[in-house]
Amino acid sequence: MLLSNQAYSPYHTDWAQAEVKLYQNGELQKRGLGEAVLDHPIHSIVELVKMISREGLSIQAGMIVLVGGINDAVSIQANDEIIADYGELGKLTLHVIS
């Protein structure tokens with residue numbers, strides 16, 4: 001998991017249309033939109049709140065909440081370079097070592 005202190009307002013980012021492109025060694029492997037997560041990533045959080053509230057639990061300030069995957073994973077090998085490109089939101093690069 002990778003975390004950042006950069007916040008993105010839900011009022012300025014259309015999370016359902018946020019695109020991620022996944023490259024492996026420079027070749028596009030997968031691409032997807034936020035709507036792949038229950039039609040909108042916020043729906044994932046709504047469902048989580050419903051489920052945990054039945055147990056008397058809630059999401060607390062400071063908790064990390066993951067909404068789900070926008071696209072499928074890819075198999076990686078030693079020396080691969082993986083880039084997840086989130087467009088205007090930025091890129092994440094992973095260099096796989098043996």
Side-chain angles (χ1 to χ4, degrees):
M1 180 183 340
L2 179 72
L3 303 175
S4 171
N5 61 359
Q6 175 64 51
Y8 293 95
S9 171
Y11 301 106
H12 296 102
T13 303
D14 182 355
W15 294 106
Q17 293 304 305
E19 183 178 34
V20 61
K21 295 177 185 173
L22 192 60
Y23 295 89
Q24 184 174 26
N25 302 320
E27 184 178 327
L28 180 63
Q29 296 292 323
K30 307 281 182 179
R31 69 187 314 157
L33 297 173
E35 66 187 11
V37 183
L38 298 177
D39 294 325
H40 194 290
I42 194 66
H43 296 156
S44 178
I45 297 172
V46 170
E47 290 303 314
L48 172 64
V49 169
K50 288 178 184 177
M51 289 170 39
I52 65 175
S53 67
R54 289 185 208 121
E55 303 296 324
L57 302 171
S58 63
I59 297 173
Q60 301 296 312
M63 287 182 162
I64 298 167
V65 179
L66 304 176
V67 298
I70 291 176
N71 55 27
D72 296 332
V74 296
S75 296
I76 59 173
Q77 301 178 60
N79 303 314
D80 277 355
E81 178 186 70
I82 307 297
I83 298 174
D85 183 350
Y86 292 87
E88 67 183 38
L89 299 175
K91 292 182 183 179
L92 169 69
T93 302
L94 170 70
H95 297 279
V96 182
I97 58 174
S98 56

Mind listing the side-chain donor-acceptor pairs of residues 20-28 below 3.5 Å, one per line with the distance, residues two or more places apart or on another chain?
from	atom 1	to	atom 2	distance (Å)
Q24	NE2	S75	O	2.8
Q24	NE2	D80	OD2	2.8
N25	OD1	E81	N	2.8
N25	ND2	D80	OD1	2.8

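Of the inter-residue distances, the one linking L66 atom CG with I45 atom CD1 reads 9.5 Å to the nearest 0.5 angstrom. Atoms NE2 and CG, from H40 and D14 in turn, are 6.0 Å apart once rounded to the nearest 0.5 Å. Atoms CD and CG, on Q29 and N71 in that order, are 10.5 Å from each other to the nearest 0.5 Å. Note that OG of S44 and CG of D39 are 12.0 Å apart. Values are rounded to the nearest 0.5 Å. One distance of note links CZ of R31 with CD1 of I70; it measures 12.5 Å at 0.5 Å rounding. Once rounded to the nearest 0.5 Å, the distance linking CG of L89 with OG1 of T13 reads 5.5 Å.
In the hydrophobic clustering of this structure, L38 does not group with V65; members are Ile, Leu, Val, Met, Phe, Trp, Tyr whose side-chain heavy atoms approach within less than 4.5 Å, directly or through other members. By the criterion of side-chain heavy atoms lying less than 4.5 angstrom apart, applied directly or through intervening Ile, Leu, Val, Met, Phe, Trp or Tyr residues, L94 is not grouped with L92; the two fall into different hydrophobic clusters. Put simply, V49 and M63 are part of the same group of oily side chains (I, L, V, M, F, W, Y) that touch within less than 4.5 Å, one to the next. Residue V67 is not grouped with residue L33 when hydrophobic side chains (ILVMFWY) are merged at heavy-atom distances under 4.5 angstrom, including chains of intermediate members.
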So N79 and Q77, side-chain contact (heavy atoms from CB on, under 4.5 Å) or not? Walk me through it.
-> CA-CA 6 Å; N79 303 314; Q77 301 178 60; over 6 Å; no
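Taking all atoms of both residues into account, the shortest heavy-atom contact from P41 to G34 is CD-O, 3.4 Å. Minimum interatomic distance between K30 and A73 (heavy atoms only, all atoms of both residues): CE-O, 4.0 Å. For I97 against A78, the heavy-atom pair with the smallest separation is C-CB, 4.4 Å.
With sequence neighbours excluded, the residues satisfying side-chain hydrogen bond (donor to acceptor under 3.5 Å, both in side chains) with Q17 are E35.
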